[in-house]
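Residue numbers start from 1 in every chain, and the chains themselves are labelled A, B, ... in the order their sequence lines are given, proteins ahead of strands. In this text, all values refer to a predicted model and were calculated from it rather than measured experimentally.
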Amino acid sequence: MTEPTQVTSETPSQSLDFIRKIITQDIASNKHAGRVETRFPPEPNGYLHIGHAKSINLNFGVAQEYQGVCHLRFDDTNPEKEEQEYIDAIEKDVRWLGFDWGQHLYHASDYYDQFHQYAIELINKGLAYVCHLSPEDTRGYRGTLTKPGQNSPYRDRSPEENLAWFEKMRCGEVKEGECVLRAKIDMSHPNINMRDPALYRIKHAVHPRTGDKWCIYPLYDFAHCISDAIENITHSLCTLEFEDHRPLYVWVLDNITIACRPRQIEFARLELSYTVLSKRKLLQLVNENIINGWDDPRMPTISGLRRRGYTPEAIRNFCNHIGVNKTNSVIEIGTLEFYLREDLNLRAQRVMAVLHPLKVVIENYPEEQVEEFDAENNPEDTSAGTRKIPFTRTVYIEQTDFQEDPPTGYFRLAPGREVRLKHAYYITCRQVIKDKTTGEVIELHCSYDPESRGGGTPDKRRVKGTLQWVSIAHAVTAEVRLYDHLFATADPNAVPEGKDFKTNLNPDSLVTLTNCKLEPSLKNLESGARFQFMRHGYFCVDPDSTPDYPVFNRTTTLRDTWAKIQKKQK
RNA sequence: UGCCGACUAGCUCAACUGGCAGAGCACCUGCCUCUGGAGCAGGGGGUUUCAGGUUCGAUUCCUGAGUCGGCAGCCA
């Protein structure tokens, strides 16, 4: 491999991550003629999640920055686990994240003929052999982490014999598990991956793309490096667990007739607190119906985040912020939520929604009168304009915005107290109506000050509380799904002996409210539309919505400074 | 007990390849307001895992130790 030459860059960019440093050096030394070509190589055996977003952002991002290209390649070498549904979902998710592979859509299965030829080349060179050891015996012969392995009794078969057996494997004359094609490297190698790894195994399975053409399928270590080389990949970025496989990656390419030598570089996979990012575990949550499918808004999948109301920009900003290195680390979920709020704050229209309605009658307001107030759509973005909001004698406010016996420091509504109804009038609580049997507050009678129209009074008196409200006559009834972290503990994998990660599931990760009252503008909305429900958080329209019955998902709450104040007072 | 890798603020990352350790988030404080669950500004916080060594000078280089992570699929 070419050593990077010392080059003084004219534009010392501020702090490149270690991968971009390598690429910058490679370009400077004219390795690969200055070309940059990366690839995102998912196996279609599940949905993409936020951890994949990190890899997608890296691979496509690097390609963009260096005027290169990034391929989308399905690493489809295990037909038993792979499905068309996953292939479709992956393409959709990568596009949604904002990346485009152009003409560069590939499948490892496109290269099956070439893999086969390269396997024959290795056999002819005496570098691969067909081994009839059972899986159990193979394990025994491999040795352990501390003990070297032993040569397979089939290791010294002649190329002719190997060729014959390999052909029998290929044309379906051998049963699954009976034999395997192995590389002939070194059974005492300190790196276990080099102890004659399997290259091909027999699987009488139908492949989503190649159908029943093949009954032998290459393993990752054989297929991946060759796929990279066939596609002329320059930098093959993968996660840390493949570090030990790099010598094998190099060995395969060094021993077959192929010109391209991509450089494999490993980086740390993403881990997030309060969630799991293992495909196996996510599959388990889906299969056991613990959540409602891959796109359940509590899932860390791209489709789950999308349904939850995340924006591609927020996810990309997050990925750019966390950077890339070789340190195993757990990112706080709050960091992801920070980038979400940062983005949503600028683009989400503010609307009024009452989640737990409490009826308020404004006694001195004319019975039949309807007034319309102009409401600012987004104080962060004046170009977002205004809308009209109808006001009448009876409105809903939030149950939590009234306390009969308020503690000190409570600035919302209470008997005799005055508050402002956002965009409308000041009201004062005159009477509290309770359910005779339960004692529950069911209605408030208030008076309004006509002078306070629009939210201020000539005497400039200060009103501390401002509440959102909805006119009862105009209210839209909706379902609102309040989502919280899927797991109750920061590290879901930390469990007592004999328990599994599901022990840590958050029982309150979904709370469904069915009698929410929304302002009338929130009707006939497009699925996915995002809003800020004032003083509550960010919400988006769920695909389950119908024109008559909107369903909203809580994407995230607002920054919770009030909770901190309350905590401090205790 | 083998091989590989990583340790810098509570968290995530920087530090121009040896020159006074910085940033975002979090936290704290203040300001402002028709979101007292919005917004804005400022501040505190480090024996750079430890012990030696080289050097005028070490987060950076060397040696050793510790801790954590990965590897014994015919998964990727």
Chemist: What's the CG-P distance between A:Asp76 and B:rC75, to the nearest Å?
Modeler: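 These atoms are roughly 15 Å apart.
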
Chemist: May I ask you to evaluate whether A:Arg462 reaches the phosphate of B:rG36, defined as a side-chain N or O under 4.0 Å from OP1 or OP2?
Modeler: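 No, outside the criterion.
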
Chemist: Check the chi torsion on B:rU17 and let me know: syn if it falls within 90° of 0, anti if not.
Modeler: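 Judged by the O4'-C1' to base torsion, B:rU17 sits in syn, the angle falling within 90° of 0.
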
Chemist: Give the nucleotide from the list B:rC75, B:rG5, B:rU35 with an atom nearest to the side chain of A:Leu219.
Modeler: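 For A:Leu219, the side-chain atoms sit closest to B:rC75.
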
Chemist: Between atom CG in A:Leu199 and atom P in B:rA76, what is the gap in whole Å?
Modeler: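 Distance check: A:Leu199 CG to B:rA76 P gives 12 Å.
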
Chemist: Want to know the stems of RNA chain B: at least 3 consecutive Watson-Crick or G-U pairs with distances under 3.5 Å, which are they?
Modeler: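 The stems that RNA chain B takes part in, listed by first number, are B:2-7 with B:66-71, B:10-13 with B:22-25, B:27-31 with B:39-43, B:49-53 with B:61-65.
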
Chemist: Record whether the side chain of A:Gln532 comes under 3.5 Å of the base of B:rU35 through a donor-acceptor pair of N or O atoms.
Modeler: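 Such a pair exists between side chain and base.
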
Chemist: Round to the nearest Å and state the distance from A:Gln264 atom CD to B:rC4 atom P.
Modeler: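 Spelled out: CD on A:Gln264 to P on B:rC4 is 16 Å.
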
Chemist: Tell me whether A:Arg39 is salt-bridged to A:Glu231, with the criterion being a basic N under 4.0 Å from an acidic carboxylate O.
Modeler: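 Between A:Glu231 and A:Arg39 there is no salt bridge, as every charged N stays at least 4.0 Å from the carboxylate O atoms.
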
Chemist: Can you identify which nucleotide, out of B:rA72, B:rC25, B:rG5, has its nearest atom closest to the A:Thr144 side chain?
Modeler: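 Minimum distance to the A:Thr144 side chain belongs to B:rA72.
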
Chemist: Compare the minimum distances between each of B:rG36, B:rU17, B:rA72 and the side chain of A:Gln25, then state the nucleotide with the smallest one.
Modeler: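 Selected nucleotide (nearest to the side chain): B:rU17.
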
Chemist: A:Asp228 pairs by side chain to side chain donor-acceptor pair (under 3.5 Å) with which of A:Gln264, A:Arg263, A:Arg73?
Modeler: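 The passing option is A:Arg73.
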
Chemist: Can a side chain N or O of A:Arg559 be found less than 4.0 Å away from OP1 or OP2 on B:rU35?
Modeler: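 Negative; the distance criterion is not met.
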
Chemist: Are OP1 or OP2 of B:rG5 and a side-chain N or O of A:Thr327 less than 4.0 angstrom apart?
Modeler: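 No, because none of the side-chain N or O atoms of A:Thr327 sits under 4.0 Å from OP1 or OP2 of B:rG5.
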
Chemist: When you compare the protein's N or O atoms with those of nucleotides 64-71 of chain B, which come within less than 3.5 Å of each other, and at what distance?
Modeler:
unit_1 : atom_1 : unit_2   : atom_2 : d
B:rG69 : O2'    : A:Asn328 : ND2    : 3.2
B:rG70 : N2     : A:Asp244 : OD2    : 2.9

Chemist: Using a cut-off of strictly less than 4.0 Å, decide whether A:Lys21 has a side-chain nitrogen or oxygen near OP1 or OP2 of B:rA15.
Modeler: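 Result: yes.
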
Chemist: Taking OP1 and OP2 of B:rG2, is either one under 4.0 Å from a side-chain nitrogen or oxygen of A:Arg142?
Modeler: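 Looking at the OP1 and OP2 atoms of B:rG2, neither is under 4.0 Å from any side-chain N or O of A:Arg142.
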
Chemist: To the nearest angstrom, how far is A:Phe539 atom CZ from B:rU35 atom P?
Modeler: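 After rounding, the gap between these two atoms is 18 Å.
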
Chemist: Please determine if a side-chain N or O atom of A:Arg412 lies less than 4.0 Å away from the OP1 or OP2 oxygen of B:rG36.
Modeler: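 So the side-chain polar atoms of A:Arg412 never come under 4.0 Å of the phosphate oxygens OP1 or OP2 of B:rG36.
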
Chemist: Give a yes or no on whether a salt bridge exists between A:Arg530 and A:Asp343, defined as a side-chain N under 4.0 angstrom from a carboxylate O.
Modeler: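 So A:Arg530 does not pair with A:Asp343 through a salt bridge.
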
